[in-house]
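One structure is given here, and the rest of the page talks about it.
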Amino acid sequence: MKAFRGIMAGTLILEVIVVALALPVIAKLHGGVTSAVGWVAFGFIAVFIAMCAFVRRPWAIAAVVGLHVLLIATWLLLPAMGVIGVIFGLVWAYLLWLRRDLLKRMAEGRLPAQQQQQNDGPATSSR
């Protein structure tokens with residue numbers, strides 16, 4: 001599951017980049033980045049960066065889902081942020097489906113690494 005945590009952290013960093021790219025839109029349409037919408041965007045950027053440190057915690061997935069619900073709710077302040085929330089919400093739904101499938105395959109022993117171990121048998125040393 002280390003690799004999946006890396007994918008989660010990488011996706012959060014991609015979200016940071018995309019939300020940061022929305023800052024020029026905020027500056028142009030909502031009175032600058034020091035407006036309420038700008039502070040909301042900076043808040044999401046900071047929280048997404050902070051969440052990268054907590055992806056191994058059991059509550060991290062629930063927190064990320066909650067953040068995306070809030071990001072989608074910003075549609076009222078800035079529709080571009082809401083669209084970002086919807087797009088990344090779909091990405092996270094797909095990632096969580098992949099995680100569920102991976103856990104199921106691990107439990108059934110159907111991963112290629114697990115099958116390789118079964119075919120090789122116990123390790124023996126020859127002298």
Side-chain angles (χ1 to χ4, degrees):
M1 295 308 291
K2 282 184 183 181
F4 186 76
R5 288 193 303 260
I7 291 170
M8 288 173 51
T11 304
L12 286 168
I13 293 300
L14 284 175
E15 286 185 76
V16 167
I17 293 168
V18 172
V19 172
L21 288 172
L23 290 175
V25 174
I26 293 169
K28 186 81 168 174
L29 297 178
H30 289 278
V33 291
T34 58
S35 65
V37 180
W39 286 109
V40 168
F42 282 122
F44 275 111
I45 290 170
V47 172
F48 285 144
I49 290 172
M51 279 304 299
C52 289
F54 297 109
V55 292
R56 76 172 30 160
R57 304 283 186 218
W59 48 265
I61 292 176
V64 167
V65 169
L67 284 172
H68 283 87
V69 169
L70 289 175
L71 190 60
I72 292 169
T74 62
W75 196 298
L76 301 172
L77 294 172
L78 181 67
M81 291 276 286
V83 170
I84 291 169
V86 169
I87 291 170
F88 276 102
L90 293 172
V91 169
W92 278 97
Y94 179 65
L95 286 176
L96 294 177
W97 178 82
L98 286 176
R99 180 180 182 269
R100 183 184 58 90
D101 186 53
L102 177 66
L103 291 173
K104 185 175 103 177
R105 287 178 183 223
M106 283 174 64
E108 295 171 353
R110 293 189 304 141
L111 293 177
Q114 292 171 322
Q115 292 174 357
Q116 182 67 27
Q117 289 174 353
Q118 291 172 356
N119 294 337
D120 291 343
T124 58
S125 62
S126 61
R127 288 188 162 202

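Computed over heavy atoms, backbone and side chain alike; hydrogens, waters and symmetry mates excluded.
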Same apolar cluster: Val86 and Val25, side chain cutoff 4.5 Å: no
To the nearest 0.5 Å, what is the distance between CZ (Phe42) and CG (Leu23)? 5.0 Å
Taking the side chain as every heavy atom from C-beta outward, state whether Leu14 and Val91 have any pair of such atoms under 4.5 Å apart. no
Just how far is it from atom CD1 of Ile45 to atom CD1 of Ile13, taken to the nearest 0.5 Å? 11.0 Å
Rounded at 0.5 Å granularity, tell me how far CG in Leu102 sits from CZ in Phe4. 8.0 Å
For residues Ala9 and Cys52, report the shortest heavy-atom separation together with the two atoms involved. O-SG, 3.6 Å
I'd like to know if Ile49 and Leu21 are part of one continuous hydrophobic network [Ile/Leu/Val/Met/Phe/Trp/Tyr, side-chain heavy atoms within less than 4.5 Å]. no
Indicate the atoms forming the closest heavy-atom contact of Val16 with Phe48, along with that distance. CG2-CB, 3.5 Å
Does the side chain of Val55 reach to within under 4.5 Å of the side chain of Leu12, using non-hydrogen atoms? yes
Over all atoms of both residues, closest heavy-atom pair of Thr74 and Phe44: CG2-CE1, 3.6 Å
Can you tell me which residue among Val19, Leu77, Leu78 is in a side-chain contact (heavy atoms from CB on, under 4.5 Å) with Ile26? Leu78
On a heavy-atom basis, the closest approach of Ala22 and Ile84 is CB-CD1, 4.0 Å
Do Ile87 and Met81 belong to the same hydrophobic cluster, where Ile, Leu, Val, Met, Phe, Trp and Tyr are linked whenever their side-chain heavy atoms lie under 4.5 Å apart, directly or via other members? no
To the nearest 0.5 Å, tell me how far Leu95 CG sits from Thr11 OG1. 4.5 Å
Within the 4.5 Å heavy-atom criterion, are Arg99 and Ile7 side-chain neighbours or not? no
Linked, directly or transitively: Trp75 and Val47 (ILVMFWY side chains, under 4.5 Å): no
NE2 on His68 to CD on Glu15, rounded to 0.5 Å: 3.0 Å
What's the spacing between Met51 CE and Arg57 CZ if we round to 0.5 Å? 10.5 Å
Is Val40 linked to Val69 within one hydrophobic cluster, defined over Ile, Leu, Val, Met, Phe, Trp and Tyr using a side-chain heavy-atom separation of less than 4.5 Å? no
